[in-house]
Amino acid sequence: GLGVVELAKGALDQASYVRLMRPHLDAVAARHQVTVTLWQRAGADRVVLVDRAESDTTMRVHMQIGQRLPMYVAALGRSMAAHSGLTKAELRQAFKALRWEDPPGFEQYWASVEAARRLGYAVDSGQYVLGATTVSVAVLDADGRPLMALSAVGFSAQLTDERIAALGADLRERAAMVGRALLGSADATARAGRRAP
C-alpha cells in the first residue's frame with residue numbers, strides 16, 4: 001500500500017525534476033558547445049545519469065542515460081562533496097575508493113572541494129577521464145543538501161580558463177534558479193499538507 005505510493009512519488013518527483021531541468025540543459029549545451037548532463041542521487045554513495053543534452057558540434061562527448069558513478073568522483077563529485085556536510089576525514093575515507101585515469105592526491109582533491117564551495121562550481125580537468133574537462137554544480141534541496149548535479153563536459157583542448165569560468169557561472173546561476181523553484185514547490189506542498197483536514 002503505502003510503500004507503492006512512496007515509490008511512485010519518488011519516480012514522479014524525478015520525472016518532474018528532469019522536466020524542470022531540460023530547458024537549462026539544452027540552453028547550456030547550445031551556448032557553450034558542450035554535452036550537459038543531469039545526475040541524481042541514487043542512495044548514499046552513487047549518482048545516476050537521468051538526462052543529457054548534446055551540442056550540434058561534429059565531435060562531442062556522449063554519455064549513456066542510466067550510467068552510475070560514485071558520488072564523489074570527478075567535478076560532479078567535488079560539487080556534491082562541497083555541500084555534503086562530510087568532515088575532511090570522512091571525505092578522505094570515501095576518496096580512497098574512487099578510480100581516476102589521472103588521480104589527484106587527496107589534498108589536491110580537498111582543495112578543489114573547498115574551491116567548489118567558494119566558487120559555486122567544481123572543475124575536473126582531465127583527472128577522471130584524460131582529455132575531458134568537466135564543470136559541475138550541485139542543485140540543493142530545501143535543507144541545503146545536494147539533490148542533483150548539473151555537469152557540462154567537453155574536450156580539454158577546447159575549454160580555456162575563460163570558457164570554464166563562463167560555463168561555471170552559467171551553470172551556477174541555473175542551478176540556483178532550479179533550487180529556488182524546488183524550494184517553492186516544497187513550500188507549496190508543505191502548506192497544502194497543513195491545510196489538509
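Looking at residues two or more places apart in sequence or on another chain, you find no side-chain hydrogen bond (donor to acceptor under 3.5 Å, both in side chains) involving T35. Not a single side-chain hydrogen bond (donor to acceptor under 3.5 Å, both in side chains) links Q108 to another residue, sequence neighbours left out. Remark: S125 engages V123, T133 in a side chain to side chain contact (heavy atoms under 4.5 Å, CB included) (not counting sequence neighbours). Every side-chain hydrogen bond (donor to acceptor under 3.5 Å, both in side chains) that H24 has, sequence neighbours left out, goes to R174. In this view, F106 and F95 satisfy the ring pair (Phe, Tyr, Trp, His ring centres under 6.0 Å) rule, not counting sequence neighbours. For D143, the salt bridge (charged side-chain N to carboxylate O under 4.0 Å, His left out) test picks out R145, with sequence neighbours left out. Residues forming a side-chain hydrogen bond (donor to acceptor under 3.5 Å, both in side chains) with R172 (at least two apart in sequence, or on another chain): none.
Here the closest heavy-atom approach between residue T134 and residue S151 is recorded as CG2-CB, 4.0 Å. Minimum heavy-atom separation, G168 to V137: O-CG1, 4.3 Å.
Following chains of ILVMFWY side-chain contacts shorter than 4.5 Å, one can reach L119 starting from I164, so the two form part of one hydrophobic cluster. In this structure, L86 is not a member of the same hydrophobic cluster as L140, with clusters built from ILVMFWY side-chain heavy atoms closer than 4.5 Å.
Residues V113 and L91 have side chains in contact (heavy-atom distance under 4.5 Å, counting atoms from C-beta outward). You'll find the side chain of P103 stays beyond 4.5 Å of the side chain of Y128, heavy atoms only. With a 4.5 Å cut-off on side-chain heavy atoms, M21 and L150 count as touching. Contact of the L159 side chain with the V34 side chain is registered, since non-hydrogen atoms from C-beta on lie closer than 4.5 Å.
Residue pairs meeting the salt bridge (Lys or Arg N to Asp or Glu O under 4.0 Å) criterion with at least one member in residues 69-97, sequence neighbours excluded, are R78-D124, K88-E107, R92-E107. A side-chain hydrogen bond (donor to acceptor under 3.5 Å, both in side chains) check over residues 113-123, counting only residues at least two apart or in different chains, returns the pairs E114-R117.
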Name every donor-acceptor pair, under 3.5 Å, that has one atom in a side chain of residues 42-52 and the other anywhere in the protein, sequence neighbours excluded.
residue : atom : partner : partner atom : Å
D51     : OD1  : R22     : NH1          : 2.7
D51     : OD2  : R22     : NH1          : 3.2
R52     : NH1  : M63     : O            : 2.8

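Side-chain contact check for S112 and W110: no donor-acceptor pair (N or O, by modelled atom type) lies under 3.5 Å.
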